[in-house]
Enquirer: 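The structure is given below, and queries will be raised subsequently.
Below, all heavy atoms of this structure are taken into account, side chains as well, without hydrogens, waters or symmetry copies. Throughout, a chain's letter reflects where its sequence line sits, starting with A, and its residues are numbered from 1.
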Amino acid sequence: MTEDDNKLVAERRAKLAALRATGGPAFPNDFRRDALANELLLGYGALSDAALEASAVRVKVAGRMMLRRIMGKASFAKLQDSSGQIQIFVQREALGEQPYDDFKGWDVGDILGAEGVLFRTKTGELSVRVEGLRLLVKSLQPLPDKWHGLADTEARYRQRYVDLIMNEDSRAVFQKRTALVRFLRDMLDARGFLEVETPMMQPIPGGAVARPFVTHHNALGIDMYLRIAPELYLKRLVVGGLERVYEINRNFRNEGLSTRHNPEFTMLELYQAYADYRDLMDLVEQMLRGAAEAVLGTLQFDSQGQHHDLRDAFERVTVEDLILRCNPGLERARLRDVPYLRAACEARGIPWKPGDGAGKLQIEIFEKTGEHTLVQPTFVYAYPAEVSPLSRANDLDPFLTDRFEFFVGGRELANGFSELNDAEDQAARFRAQVERKDAGDEEAMFYDADYIRALEYGMPPTAGLGIGIDRLAMLLTGSPSIRDVLLFPQMRPE
RNA sequence: GGGCCGUUAGCUCAGCUGGUAGAGCAGUUGACUCUUAAUCAAUUGGUCGUAGGUUCGAUCCCUACACGGCCCA
């Protein structure tokens, strides 16, 4: 017994000690169930009492005891398994005096195996009339309040196992998340995409603008980086002739925590040869509709107090048009004029840095004044080249790239573009990033010589897309925080 | 990084102007063979986040820190 045991735990330890003293296995693993709670409710819940009586269905169920009501020589209890809960009816007459007394000493939270016949109680609830009952696992820790459950957010994140036991809503969120990922895989597989796995540990982190985590490889004697994106590896595969590839996996970014950011998060990245960013906008639109249909069974839903109807076509608007829409005082003709944009930033309390060009300043203004207004699904496209070092420049307007970001509920959900496959242009943009890095920008990119070499072999015209799976799961489950859709969100150590 | 709010029994929460802490559930004991947050009776359980300070006296006021939440950057 440890010193931090409270009285409740001590009592349960004493019960376990008594159980061990009887000589049998305290944690038996020879009980085999043959039914799940929800299967029984669905399969027999609608049968009439007479039909149920006549068929005398024998079942073995197992699960955690979530409720217990003892009324002298008979008791009711609720067993919870992965499918749901079913009531059992325990009678001393049917079980025998000693086993019934044993049962009365068990606790809510213990895991039981029960065998008996299905019947319906006087109040109409399908239940198991127990003929045999075993304690399979003695639980030592008391569960939270049976009615209020576990409400404390910190405890829900730190002890997710308790949250999952107590909160059906929480279980549903993670089931939906899994349904979402399964849908995305099915959809892409059906379109001829190949799912691949590329390095998580990279000697040169690339594919995004972010600070990486650094670790060290002892045998090689080099620092390595946890990837901030798989992008450059996936595009190497396109060079290699894998013309449609995707990866759904973790990225790591050494940044702060918030309701929208976790240091490790899940991204879907995909690349499709002989396609451009417009094709991918179409793909995202179909993907979001399909995901809502697969996860929620509808295209109309509420999330975070906002109603979404995905039947409507998603709006498409350029960065500059959106800036003008949200800042009526600005003039289109001067939107690429650095002094003008600096003044516009200052008038809005937006900080800027001396090295920022017109493209970067535009994006600062867009993020502060426009992003939060994008509640309904919206594609914002024509991003400045300055902030898009991996995107293909626009053929008509070299200030811009063929790139979009996708927003719902005021949050960025996806980022896609026609890929830059001109090796010499890419090398020049890497050099520009290195200059920023040398000037002290820790988020600027490294020069990846092997990636340039790969492009020199020739990458087919390609479009690529990244979707934040966590944020998409937040949207579809109505979760206000990324922590609600991560089983084990990052927390400061206790 | 900044601002605001929170931290009291295993859980959910009260606690007035500073006078050494309460409820419900859970637990324990007893009653009860159809309950639905079962009911009834009795009862155990607290370093009031941590460390200082003010005070005759601090859960309460002040300071710092820790952890969490929300908003901002």
Side-chain angles (χ1 to χ4, degrees), chain A residues 2-16 18 41 49 52-53 64-80 84-97 100-101 103-110 116-130 138-159 161-163 165-168 255-261 304-305 345 348-353 364 367-369 371-372 410 479-484 489-494:
Chain A
T2 57
E3 54 183 286
D4 65 340
D5 276 356
N6 63 47
K7 188 182 169 194
L8 297 179
V9 174
E11 281 169 357
R12 289 176 174 223
R13 283 194 194 280
K15 289 178 181 178
L16 176 59
L41 295 177
D49 293 8
L52 206 54
E53 198 75 27
R64 191 181 299 275
M65 181 159 61
M66 299 301 290
L67 277 176
R68 201 173 57 133
R69 304 183 196 96
I70 296 176
M71 296 164 302
K73 299 181 184 67
S75 301
F76 292 91
K78 280 273 173 85
L79 297 190
Q80 174 171 292
Q85 296 188 351
I86 189 154
Q87 179 170 264
I88 63 172
F89 182 49
V90 188
Q91 294 166 289
R92 191 173 77 167
E93 194 177 292
L95 209 57
E97 198 155 330
Y100 187 75
D101 282 347
F103 163 74
K104 287 203 288 184
W106 299 345
D107 293 293
V108 167
D110 290 350
V117 177
L118 285 181
F119 79 112
R120 201 183 313 280
T121 64
K122 281 180 182 167
T123 52
E125 179 163 350
L126 186 74
S127 307
V128 179
R129 189 190 304 276
V130 172
K138 181 69 206 167
S139 168
L140 298 176
Q141 295 283 348
L143 289 178
D145 188 292
K146 65 185 175 187
W147 183 244
H148 299 98
L150 185 64
D152 181 71
T153 45
E154 183 175 356
R156 288 184 51 228
Y157 298 148
R158 288 193 194 277
Q159 293 183 269
Y161 39 92
V162 180
D163 179 43
I165 290 170
M166 299 306 297
N167 296 326
E168 191 180 352
E255 292 160 0
L257 290 76
S258 78
T259 49
R260 291 188 260 296
H261 298 89
Q304 289 291 290
C345 283
R348 289 160 180 77
I350 300 169
W352 54 269
K353 296 192 207 101
E364 293 292 331
E367 286 180 355
K368 299 300 179 298
T369 65
E371 185 167 327
H372 67 275
S479 300
S481 170
I482 194 172
R483 294 183 159 192
D484 296 322
Q490 199 57 242
M491 305 285 282
R492 282 180 201 273
E494 284 180 87

Enquirer: What is the distance from CD1 of Ile88(A) to P of U33(B), rounded to the nearest Å?
Expert: 18 Å
Enquirer: What does Arg156(A) touch in the nucleic acid at a heavy-atom separation under 4.0 angstrom: a base, only the sugar-phosphate, or nothing?
Expert: nothing
Enquirer: Where do Gly109(A) and Ser139(A) come nearest, in terms of heavy atoms and distance?
Expert: O-CB, 3.3 Å
Enquirer: With sugar-phosphate meaning primed atoms plus P, OP1 and OP2, does Thr259(A) contact a base, only sugar-phosphate, or nothing at under 4.0 Å between heavy atoms?
Expert: sugar-phosphate
Enquirer: Below 3.5 Å, can you tabulate the donor-acceptor pairs from side chains in residues 69-79 of chain A to any protein atom, sequence neighbours excluded?
Expert:
| residue | atom | partner | partner atom | Å |
| --- | --- | --- | --- | --- |
| Ser75(A) | OG | Tyr100(A) | OH | 2.7 |
| Lys78(A) | NZ | Glu125(A) | OE2 | 3.4 |

Enquirer: Is the terminal nitrogen or CZ of Arg129(A) (NZ for Lys, CZ for Arg) located under 6.0 angstrom from the six-membered ring centre of Phe89(A) and within 45° of that ring's axis?
Expert: no
Enquirer: Could you work out the separation of C48(B) and G19(B) based on their P atoms and round it to a whole Å?
Expert: 16 Å
Enquirer: Give me the distance, rounded to whole Å, that separates U44(B) from C56(B) when you measure between the C1' atoms they each carry.
Expert: 34 Å
Enquirer: Just by protein heavy atoms under 4.0 Å, how would nucleotides 2-14 of chain B read 5' to 3' in B, S and -?
Expert: --------BBS--
Enquirer: For Leu41(A) and Ile86(A), work out which heavy atoms get closest and say how close.
Expert: CD2-CD1, 4.5 Å
Enquirer: Rounded off to whole Å, could you give me the CZ-to-P distance for the Arg12(A) and U28(B) pair?
Expert: 8 Å
Enquirer: Could you give the CZ-to-C1' distance, from Phe103(A) to U33(B), as a whole number of Å?
Expert: 13 Å
Enquirer: Taking syn as within 90° of 0 and anti otherwise, name the glycosidic form of U44(B).
Expert: anti
Enquirer: By the 4.0 Å heavy-atom rule, please label Tyr100(A) as base, sugar-phosphate, or nothing.
Expert: nothing
Enquirer: Using 0.5 Å steps for rounding, measure from the CZ atom of Phe119(A) to the CD atom of Glu53(A).
Expert: 9.5 Å
Enquirer: C25(B) P sits how many Å from Arg68(A) CZ, rounded?
Expert: 15 Å
Enquirer: When the C1' atoms of A73(B) and G46(B) are compared, how many Å lie between them, rounded to an integer?
Expert: 41 Å
Enquirer: Without decimals, in angstroms, what is the distance between His261(A) NE2 and A73(B) P?
Expert: 13 Å
Enquirer: Between Gly72(A) and Thr153(A), who's closer to the 5' end of RNA chain B by nearest nucleotide?
Expert: Gly72(A)
Enquirer: Does the pair Lys15(A)/Glu11(A) count as a salt bridge with the N-to-O cut at 4.0 Å?
Expert: no
Enquirer: If you draw a 6.0 Å radius around CZ in Arg158(A), do more than 12 non-hydrogen atoms from other residues or ligands fall strictly inside?
Expert: yes
Enquirer: Check the distance between C34(B)'s P and Leu126(A)'s CG and give it to me in whole angstrom.
Expert: 19 Å
Enquirer: Is the shortest distance from a Lys or Arg side-chain nitrogen in Asp107(A) or Lys138(A) to a carboxylate oxygen in the other one below 4.0 Å?
Expert: yes
Enquirer: Determine the Euclidean distance between corresponding P atoms of A64(B) and C60(B); express it in Å to zero decimal places.
Expert: 16 Å
Enquirer: Considering only heavy atoms and no angle criterion, is a donor-acceptor pair shorter than 3.5 Å present between the side chain of Glu125(A) and the base of U35(B)?
Expert: no
Enquirer: Think Lys15(A) has a side-chain N or O under 4.0 angstrom from the OP1 or OP2 of U28(B)?
Expert: yes
Enquirer: Please measure how far the C1' atom in C5(B) lies from the corresponding atom in G45(B), and state the result in whole Å.
Expert: 30 Å
Enquirer: Taking atom P in both G22(B) and G30(B), compute the distance separating them and give it to the nearest angstrom.
Expert: 28 Å
Enquirer: Would you classify Tyr157(A) as touching base, sugar-phosphate or nothing, given that sugar-phosphate means primed atoms plus P, OP1 and OP2, and contacts are heavy atoms under 4.0 Å?
Expert: sugar-phosphate
Enquirer: Give me the atom names and distance for the closest heavy-atom approach of Gln490(A) to Leu257(A).
Expert: O-CD2, 3.4 Å
Enquirer: For Arg483(A) and for Gly349(A), locate the closest nucleotide of RNA chain B by heavy-atom distance; then report the residue assigned to the nucleotide nearer the 5' terminus.
Expert: Arg483(A)
Enquirer: When rounded to the nearest Å, what value does the distance between C1' atoms of G1(B) and G10(B) take?
Expert: 37 Å
Enquirer: Rounded to whole angstrom, note down the P distance from A38(B) over to G2(B).
Expert: 48 Å
Enquirer: Picking from Leu67(A), Val128(A), Thr121(A), what satisfies side chain to side chain contact (heavy atoms under 4.5 Å, CB included) with Gln87(A)?
Expert: Thr121(A)
Enquirer: Does Lys146(A) place a side-chain N or O at less than 4.0 Å from the phosphate oxygens OP1/OP2 of A37(B)?
Expert: no
Enquirer: Kindly express the pairing pattern of RNA chain B in dot-bracket notation, using | wherever a base pairs with another strand and counting only Watson-Crick or G-U pairs under 3.5 Å.
Expert: (((((((..((((.....[..)))).(((((.......))))).....(((((..]....)))))))))))).
Enquirer: Can you check whether Arg69(A) has a side-chain N or O nearer than 4.0 Å to OP1 or OP2 of U35(B)?
Expert: no
Enquirer: For Met166(A) and A37(B), what is the distance between atoms CE and P respectively, to the nearest whole Å?
Expert: 14 Å
Enquirer: For Leu67(A) and C25(B), what is the distance between atoms CG and C1' respectively, to the nearest whole Å?
Expert: 11 Å
Enquirer: Of the non-hydrogen atoms in Gln141(A) and Val9(A), which two are nearest, and what is the gap between them?
Expert: OE1-CG2, 3.8 Å
